[in-house]
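I have placed the structure first, in the form of structure tokens, so that the comments after it can refer back to it.
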Amino acid sequence: MKLDTRAMRHLTAEDWKVLAAVEQGSKNHELVPVPIIERFSRLKGGSSLVSKCISTLAKTSLIAKMKEAKYDGYRLTYGGLDYLALHTHSQKKHIYSVGTRVGVGKESDIMLVADHTGAQQILKIHRLGRISFRTVKTNRDYLKKNASGSWMYLSTLAARKEYAFLSALHSAGIPVPTPIAHSRHTIVMSLVDAPPLRQISSVPDPAALYASLIELYLRLAKHGLIHGDYNEFNILIREDISTNPETGTEEITLVPVVIDFPQMISMEHVNAEMYFDRDINCIKIFFERRFHFKPTTPGPFYKDVKKTVGRDGFERLDATLEASGITKKMAKDLEAAIRQHEEEKLQNPEAFEPSDDEEDDEDEDEDEEDKEGEETNTDEKEKEEQPSIVIGFQSPSESGAEQGMEKLSINNKT
């Protein structure tokens, strides 16, 4: 779905209280009864003011009714969750304005934003349950009672987990975006001016880049972590320019930056070896296909690398998840969602391709927005299949992110 912030400037303080009340009631109700919304919102205007606010929120698709409901109630939509997260970021001065969407995936949207000083940042919005996930959501036991609410719950868990690992990795000196803030299903992080590996068509020394990627992965392993999705989609390649003191000429160093951590697991995980081998093979296959480079030595191997965990002064970070407040049940729910998504994608890949058919969903407006997102994702995927960026040979040009910020719109009332 699209992130449209235009309605935020028109929402009153009472509207925000009612929206927050629906969110609070969603913890125990699939459809929050109006009396509960009235009680949680605590508006002095009583039921009449609450009804007015509900009408405003429903017109902007921040809340929605369910078809054939047995009582008068409302559920929170992903748009409503977006607004609540943005409102929190705005109040804390982490986000002042929202620009263009610079990335879209089946599980998240990547938005260009700015804080009150004008500094450009990235807003990642987790959206588990849309597009590919929608085809399988009714088959998951933990979603049977409250499908839409559970997807928001899982999206919030994914963001919370990613922010916890992002913070720990950044503190440990691993090249990742700088974490700035987290609210609900969203993360604000620094803007990394670098293209993803999948968009790069040529590098001066494939062997050196491959070695740096493997070295980075082994650093993660020494901290007790396995990325779980270490591939060309989740690795950015940054160009660092320095001056050679002897020759006075500029030199470019390619530095990999890792992103996307919801699926990160411990080296002690029951399936750790499988995920480890898969990550390493993904890099090998990509380099052989794209750069015609094949390493001459086998490995690295999980059994050998596991012996290095926590040694040589490396702090174990695999306990970070528990320290972040995510319970074992929460972690299992999120892991089950990711694992079953992967299994069903392998069994029925056609079901995960964007479809032109209308989905039978409780909120038709949301379906239309999601479908638009699918079509956009398809168009971008076709473009991404044709790598066009050459790096490491000359000074980097103006980034696409900076060009996108030209369309940034400032909202003084948000």
When H227 is tested against each of F261, Y217, F276 for ring pair (Phe, Tyr, Trp, His ring centres under 6.0 Å), which residue passes? F261
Tell me, with the steps shown, if K93 and D115 meet side-chain contact (heavy atoms from CB on, under 4.5 Å). CA-CA 6 Å; K93 294 187 177 182; D115 63 14; over 6 Å; no
Worked verdict on I54 versus V22 for side-chain contact (heavy atoms from CB on, under 4.5 Å): CA-CA 10 Å; I54 286 176; V22 177; 6.0 Å; no
Taking C-beta and beyond as the side chain, do H10 and T60 meet within less than 4.5 Å on heavy atoms? no
Considering only heavy atoms from C-beta outward, does the side chain of H185 approach that of L128 to under 4.5 Å? no
Ring-plane angle category for Y163 and H182, please: parallel below 30°, perpendicular beyond 60°, tilted otherwise. parallel
Determine, using ring centers only, whether Y230 and Y275 are less than 6.0 Å apart. no
With side-chain contact (heavy atoms from CB on, under 4.5 Å) as the criterion, how do R75 and V32 come out once you've worked through the C-alpha distance, each side chain's angles and the decisive distance to 0.1 Å? CA-CA 6 Å; R75 66 177 178 84; V32 186; over 6 Å; no
Out of curiosity, D260 CG to E107 CD, how far, rounded to the nearest 0.5 Å? 7.5 Å
At their closest point, which heavy atom of V309 faces which heavy atom of G224, and how far apart are they? CG1-CA, 3.8 Å
Are side-chain heavy atoms of E268 and K306 found at a separation under 4.5 Å? yes
Would you call L11 and L57 a side-chain contact if the rule is heavy atoms closer than 4.5 Å? yes
N231 and C282 have their tightest heavy-atom pair at CB-CB, 4.2 Å
Can you confirm whether R289 is buried at CZ, in the sense that more than 12 heavy atoms of other residues, nucleotides or ligands lie under 6.0 Å from that atom? yes
Considering only distance and modelled atom types, tabulate donor-acceptor pairs under 3.5 Å from the side chains of residues 12-20, sequence neighbours left out.
unit_1, atom_1, unit_2, atom_2, d
T12, OG1, E14, N, 3.4
T12, OG1, E14, OE1, 3.4
T12, OG1, D15, N, 3.2
T12, OG1, D15, OD2, 3.1
D15, OD2, T12, N, 3.0

E239 side chain reached by L254 side chain, heavy atoms, under 4.5 Å: yes
What verdict does the side-chain contact (heavy atoms from CB on, under 4.5 Å) test give for Q121 and H89, after you've listed the backbone C-alpha separation in whole Å, the side-chain angles of each residue and the deciding distance to 0.1 Å? CA-CA 12 Å; Q121 300 169 159; H89 288 310; over 6 Å; no
Could you tell me if the side chain of E162 sits less than 4.5 Å from the side chain of M264, heavy atoms only? no
How long is the straight-line distance from OG1 of T88 back to NZ of K92, given to the nearest 0.5 Å? 6.5 Å
Where do S155 and Y78 come nearest, in terms of heavy atoms and distance? OG-OH, 2.5 Å
Charged N to carboxylate O below 4.0 Å: is that the case for D229 and R278? no
Considering only heavy atoms from C-beta outward, does the side chain of L225 approach that of F165 to under 4.5 Å? yes
